[in-house]
Undergrad: 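Here you go, one structure.
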Amino acid sequence: GKTVLANFVSESTEGICSYSPTQGVRILEYEKPNLNGSSKGAGCRFELWDCSGDQKFETCWPALMKDSHGVIIIFNPELPSHLKEIEMWYSCFVQQQPLLDSQCLLVAHHKPGSGGDTENLSLAYPLNKLKLIHSNLEEDPEDVRMEFIKYFRSIITIINESREREEMSIIL
């Protein structure tokens, strides 16, 4: 699910047909023109780090987290084990980093043909305070794309505000 969504969001066609578990991390670089909604200005360049969900790569996680601006946690809501795993991912990748909850996006990814229930997913605290979207690329791909764009815009805003505060502290 993670790789399929990463490919979709970055408009990559790499490995779209066959399933192959990510080994460690796979970095997708792409540019999104006019992300801020205006026709002027440069686009934004993104790096999506598609990380393996396998805990055997746990020793690599600190390097993956270094200097990250946001975290997207993708899970299959139909697998009860994933609900426990996302607590661990949230703890490692958000709480133990200098990231705000607003820099985290939870994605309940529904596989094609699953017909997943998008209404009755209840998450325990602290996950229930995070932004949660449901993705189903079969039924609503453009809604999913728009949710990711909103998330990326919010990250850009946070980065710009942080940069402005830093510049003001230097001036003062």
Side-chain angles (χ1 to χ4, degrees), residues 1-10 12 14-16 18-30 32 44 46-112 114 116-138 140-141 143-159 162:
K2 295 182 300 295
T3 297
V4 169
L5 274 171
N7 287 343
F8 174 75
V9 169
S10 68
S12 170
E14 177 186 324
I16 218 155
S18 60
Y19 174 72
S20 175
T22 302
Q23 297 299 309
V25 67
R26 184 177 68 107
I27 301 172
L28 294 141
E29 295 182 41
Y30 76 106
K32 193 75 179 153
C44 286
F46 289 92
E47 284 184 1
L48 287 179
W49 290 41
D50 177 11
C51 303
S52 171
D54 193 327
Q55 287 190 317
K56 73 180 182 186
F57 296 106
E58 186 174 0
T59 57
C60 302
W61 294 353
L64 301 178
M65 293 182 265
K66 185 176 177 356
D67 298 330
S68 64
H69 295 291
V71 173
I72 300 169
I73 299 173
I74 300 168
F75 65 101
N76 182 341
E78 295 168 23
L79 295 177
S81 64
H82 278 203
L83 297 178
K84 272 289 175 220
E85 285 180 31
I86 60 175
E87 290 178 22
M88 181 269 305
W89 285 99
Y90 172 74
S91 173
C92 289
F93 280 80
V94 179
Q95 289 182 318
Q96 294 177 23
Q97 302 305 307
L99 294 178
L100 305 169
D101 284 344
S102 59
Q103 290 171 277
C104 182
L105 177 66
L106 288 179
V107 180
H109 184 61
H110 301 275
K111 294 186 177 185
S114 69
D117 183 4
T118 61
E119 300 300 319
N120 295 320
L121 180 62
S122 62
L123 299 171
Y125 180 84
L127 299 174
N128 62 357
K129 19 175 231 177
L130 302 175
K131 169 84 173 155
L132 168 69
I133 67 168
H134 290 267
S135 72
N136 185 326
L137 298 181
E138 225 175 30
D140 53 9
D143 289 349
V144 173
R145 190 180 313 277
M146 289 311 300
E147 288 294 338
F148 274 92
I149 288 172
K150 282 195 276 188
Y151 171 72
F152 293 145
R153 283 182 180 150
S154 73
I155 296 297
I156 291 166
T157 300
I158 290 168
I159 292 168
S162 174

Undergrad: Step by step, work out the side-chain contact (heavy atoms from CB on, under 4.5 Å) result for L130 and Y90.
TA: CA-CA 10 Å; L130 302 175; Y90 172 74; 3.6 Å; yes
Undergrad: Should the ring pair H134 and H110 be called parallel, tilted or perpendicular, given that the plane angle runs from 0 to 90° and is split at 30 and 60?
TA: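 If you compare the ring of H134 with that of H110, the planes turn out parallel.
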Undergrad: With rounding to the nearest 0.5 Å, note down the distance linking CD1 in I158 to CG in L99.
TA: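 Answer for the CD1-CG pair, I158 versus L99, is 9.0 Å.
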Undergrad: Check whether any side-chain heavy atom of L106 sits under 4.5 Å from a side-chain heavy atom of L123, and report yes or no.
TA: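 Contact flag for L106/L123 side chains = yes.
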Undergrad: Quick one: are I133 and Y151 in side-chain contact, heavy atoms under 4.5 Å?
TA: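 The answer is no; the side chains never approach within 4.5 Å.
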Undergrad: Which heavy atom of A63 sits nearest to which heavy atom of W49, and what is that distance?
TA: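 Looking at all heavy atoms of both residues, the shortest contact is O-CZ3, 4.4 Å.
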Undergrad: Can you tell me how far CD1 of I73 sits from NE2 of H82, rounded to the nearest 0.5 angstrom?
TA: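 One finds 12.5 Å between NE2 of H82 and CD1 of I73.
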Undergrad: Can you tell me how far apart CZ (F75) and CD1 (I86) are? Round to the nearest 0.5 Å.
TA: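 Atom-to-atom, F75:CZ and I86:CD1 are 4.0 Å apart.
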Undergrad: Could you check whether any side-chain heavy atom of C51 comes within less than 4.5 Å of a side-chain heavy atom of F57, counting everything from C-beta outward?
TA: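 SC-SC contact between C51 and F57 ruled out.
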Undergrad: Working to the nearest 0.5 Å, report the span between OG of S68 and CD1 of I155.
TA: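 Reported to 0.5 Å precision, the distance equals 9.0 Å.
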Undergrad: Taking all atoms of both residues into account, what is the closest heavy-atom pair of V144 and F8, and its distance?
TA: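 In this case the closest contact between V144 and F8 is CG1-CE2, 4.2 Å.
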Undergrad: Indicate yes or no: at least one non-hydrogen side-chain atom of L127 is less than 4.5 angstrom from one of L83.
TA: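 Not in contact.
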Undergrad: Say whether, by atom type as modelled, one donor and one acceptor occur between the side chain of Q103 and the main chain of L100 under 3.5 angstrom.
TA: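 Yes, because the side chain of Q103 sits within donor-acceptor range (under 3.5 Å) of the backbone of L100.
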Undergrad: Checking L5 against D50 for the side-chain contact (heavy atoms from CB on, under 4.5 Å) test, could you report, in this order, the C-alpha distance in whole Å, the side-chain angles of both residues, the deciding distance, and whether it holds?
TA: CA-CA 9 Å; L5 274 171; D50 177 11; over 6 Å; no
Undergrad: Quick one: are F152 and V9 in side-chain contact, heavy atoms under 4.5 Å?
TA: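 Of all side-chain heavy-atom pairs linking V9 with F152, at least one is under 4.5 Å.
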Undergrad: Could you check whether any side-chain heavy atom of K129 comes within less than 4.5 Å of a side-chain heavy atom of Y125, counting everything from C-beta outward?
TA: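 The answer is yes; the side chains approach within 4.5 Å.
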Undergrad: Is there a side-chain contact between D143 and N136 in this structure, where contact means two heavy atoms from C-beta onward sitting under 4.5 Å apart?
TA: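 Answer no - side chains too far apart.
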Undergrad: As an exercise, state the distance from NZ of K131 to NZ of K150, rounded to the nearest 0.5 Å.
TA: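 Rounded to the nearest 0.5 Å, the NZ-NZ separation comes to 5.0 Å.
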Undergrad: Could you tell me the separation between the CD1 atom of I72 and the NE2 atom of H109, rounded to the nearest 0.5 Å?
TA: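 I72 CD1 to H109 NE2: 13.0 Å, rounded to 0.5 Å.
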Undergrad: For residues S102 and S154, report the shortest heavy-atom separation together with the two atoms involved.
TA: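 Smallest interatomic distance, heavy atoms only, reads O-OG, 4.3 Å.
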Undergrad: Mind listing the closest non-hydrogen atom pair of C92 and M65 along with its distance?
TA: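 Residues C92 and M65, closest heavy atoms: O-SD, 3.2 Å.
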Undergrad: Locate the shortest heavy-atom distance separating I156 from C44; write the atom from each residue and the value.
TA: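 Closest approach of I156 to C44: CD1-SG, 3.3 Å.
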Undergrad: Under a 4.5 Å cut-off applied to non-hydrogen side-chain atoms, are F148 and V107 in contact?
TA: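 Yes, close enough: below the 4.5 Å cut-off.
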